[in-house]
Engineer: 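Structure incoming, see below.
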Number of protein chains: 2
Amino acid sequence: MSVTKTEPRLDRRAAILNAAEELFAKHGYDGVTLRSIAKRAGVDLALPNYYFGPKRDLFDAVLMRRAEVLNAWRLKALEDALSAARPNPASVEAIVRAYLGPLLTGAHVAEPGWKHYYALIAYVNNSPEWGGRLMTQFFDPLIDQFIDALRLSLGDVDEKALFWSYHCFSGALTLTFAETGRIDHLSKGLCRSDDLDGAYEHVVRFITAGFESIRPPA
Amino acid sequence: MSVTKTEPRLDRRAAILNAAEELFAKHGYDGVTLRSIAKRAGVDLALPNYYFGPKRDLFDAVLMRRAEVLNAWRLKALEDALSAARPNPASVEAIVRAYLGPLLTGAHVAEPGWKHYYALIAYVNNSPEWGGRLMTQFFDPLIDQFIDALRLSLGDVDEKALFWSYHCFSGALTLTFAETGRIDHLSKGLCRSDDLDGAYEHVVRFITAGFESIRPPA
DNA sequence: GTCATTATTCAACAGATGTTGAAAGTGACC
DNA sequence: GGTCACTTTCAACATCTGTTGAATAATGAC
């Protein structure tokens with residue numbers, strides 16, 4: 001009879017992406033096998049290749065899936081901050097909040113899928129192998145806009161100092177994403193790696209102060 | 001006669017560690033094969049196993065080799081900073097310089113071996129798989145002392161803020177170590193990933209300002 | 001119901017992987 | 001010269017790797 005076409009028919013494509021996302025984030029590209037991905041996704045070994053082609057393309061697909069929605073959120077947050085301050089430039093703190101808020105606050109940060117994605121970003125951003133190519137490809141256009149906003153906010157700032165400051169910013173965020181459990185040990189349980197929302201205000205303060213320190217004297 | 005026991009007899013052990021260090025740093029633990037290590041070191045495939053046992057132990061050995069000398073340098077730098085300021089607490093900037101100076105300045109930062117080691121630290125520190133265990137094992141005792149010094153310097157500071165600030169610090173340093181080439185793209189060549197010495201002053205300023213921002217009002 | 005399209009399974013491939021044990025080489029010391 | 005401990009080589013092992021092509025099942029339009 002085939003009463004219903006069975007349940008909603010959870011898309012195997014999505015299941016594969018979810019499994020790959022989690023495993024790549026935990027063990028890196030080379031630490032994951034197609035067999036482990038297929039097993040975790042509950043599909044046949046040949047299916048990942050059928051949908052996404054070779055392993056490398058699957059990795060790209062995982063990275064791309066959430067990059068677009070993320071960039072859209074962050075672009076809107078930045079534009080809102082700039083609008084709210086117009087005709088003046090936005091404050092450094094407002095820009096930092098626009099940069100971090102969509103990442104560290106909101107309902108989605110509780111979803112494991114997003115956490116895995118963040119950890120994957122951390123892996124990619126710190127890898128000499130991937131970092132140069134992939135991060136540039138997916139995120140640089142947006143980041144250029146953030147840096148432009150910071151330049152406007154800070155006035156006639158030293159360019160080298162600006163880029164190295166952003167570099168520190170990026171590193172701090174990346175390590176937060178990685179959720180390595182290190183701060184848990186170090187703080188003897190006071191702080192928790194997985195508490196992105198709790199980290200938010202602290203990171204905002206630290207980074208804002210860092211950028212403010214390069215503002216040229218009035 | 002045995003004039004000399006021949007030349008220092010370039011140790012194969014060291015050659016293996018050097019090769020493993022470079023390759024692990026570039027491709028991660030799973031991205032490296034014992035064959036590639038042996039080939040790069042110019043030794044037989046079986047030799048790494050003879051000297052260091054299984055692959056995992058070789059990885060540990062690579063990490064351990066430079067950890068001790070590094071910790072000694074940094075401990076001395078910290079003690080010097082504390083002595084110089086006594087009986088007052090050292091300034092935040094002096095502590096940050098003691099933390100970073102031995103890493104980013106000095107003759108050794110030009111040696112490829114040290115750069116590879118730093119990149120390896122970046123890999124380990126950001127990996128959920130290794131980060132928790134290895135970084136704690138090798139570096140936490142020293143880091144506890146740095147955090148103690150910061151606590152003393154900053155006065156009655158909020159503990160959570162202190163640990164999250166250190167977390168930002170660690171992330172910034174780690175990304176600097178990784179030398180991913182990303183800042184080169186972003187700054188259109190103005191800043192160079194491999195210029196650790198050039199990064200030093202910028203990072204010191206950014207991080208010092210970040211820590212100062214959590215100092216409680218007098 | 002037919003049939004072309006799509007999705008999924010299965011078995012196998014060629015090559016790579018970590019590890020090992022036995023053999024061969026090396027040099028010091030008596 | 002002979003013994004012995006330490007190094008180094010060599011060949012092989014069992015297992016795992018990404019990828020593929022053929023076979024089978026499900027799907028949906030007509």
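Just so we're on the same page: letters track the sequence lines, and every chain starts at 1.
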Engineer: Please check the phosphate of D:dT8 (OP1 and OP2 only) for any side-chain N or O of B:Tyr51 closer than 4.0 Å.
Structural biologist: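 Affirmative; the distance criterion is met.
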Engineer: Atom CZ of A:Phe52 to atom P of C:dA7: distance rounded to whole Å?
Structural biologist: 12 Å
Engineer: Could you check which of C:dG18, C:dT8, C:dT20 has an atom nearest any side-chain atom of B:Ala46?
Structural biologist: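 Of the options given, the side chain of B:Ala46 lies nearest C:dT20.
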Engineer: What is the distance from CZ of A:Phe59 to C1' of D:dT19, rounded to the nearest Å?
Structural biologist: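 So the CZ-C1' distance, A:Phe59 to D:dT19, works out to 19 Å.
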Engineer: Tell me, please, whether B:Tyr29 has B:Arg56 positioned over its six-membered ring: NZ or CZ under 6.0 Å from the ring centre and within 45 degrees of its axis?
Structural biologist: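 Flagged: B:Arg56 positioned over aromatic ring of B:Tyr29.
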Engineer: Just N and O in the side chain of B:Tyr50: are any of them under 4.0 Å from OP1 or OP2 of D:dC6?
Structural biologist: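 It does not, given that no N or O in the side chain of B:Tyr50 lies less than 4.0 Å from OP1 or OP2 of D:dC6.
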Engineer: Taking the six-membered ring for Trp, are the ring centroids of A:Tyr99 and A:Phe169 within less than 6.0 Å of each other?
Structural biologist: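 Between A:Tyr99 and A:Phe169, the centre distance is under 6.0 Å.
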Engineer: Using a distance-only test with no angle check, is there a side-chain donor-acceptor pair under 3.5 angstrom linking B:His185 and B:Arg182?
Structural biologist: no
Engineer: So if I take every side-chain heavy atom of B:Leu45 and compare against D:dT19, D:dA12, C:dT17, which nucleotide ends up nearest?
Structural biologist: D:dA12
Engineer: Expressed as a whole number of angstroms, how long is the span from A:Ile37:CD1 to D:dG18:P?
Structural biologist: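 Result: 8 Å.
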Engineer: Output the rounded distance in Å from CZ (B:Arg56) to C1' (C:dT19).
Structural biologist: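 Interatomic distance, CZ of B:Arg56 to C1' of C:dT19: 15 Å.
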Engineer: Provide, to the nearest angstrom, the distance between the CZ atom belonging to A:Arg13 and the C1' atom belonging to C:dT8.
Structural biologist: 15 Å
Engineer: Grab the CG-C1' distance between A:Leu47 and D:dG18 for me, whole Å please.
Structural biologist: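 For the pair A:Leu47 CG and D:dG18 C1', the rounded distance is 15 Å.
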Engineer: When the distance from CG of A:Asp44 to P of D:dA25 is rounded to whole Å, what number comes out?
Structural biologist: 14 Å
Engineer: Please determine whether a side-chain nitrogen or oxygen atom of B:Arg12 lies at a distance below 4.0 Å from atom OP1 or OP2 of D:dT7.
Structural biologist: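 Negative; the distance criterion is not met.
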Engineer: Atom CZ of A:Arg35 to atom P of C:dT17: distance rounded to whole Å?
Structural biologist: 15 Å
Engineer: Under 30°, 30 to 60°, or over 60°: which ring-plane class applies to B:Phe59 and B:Trp130, parallel, tilted or perpendicular?
Structural biologist: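 Correct class here is tilted.
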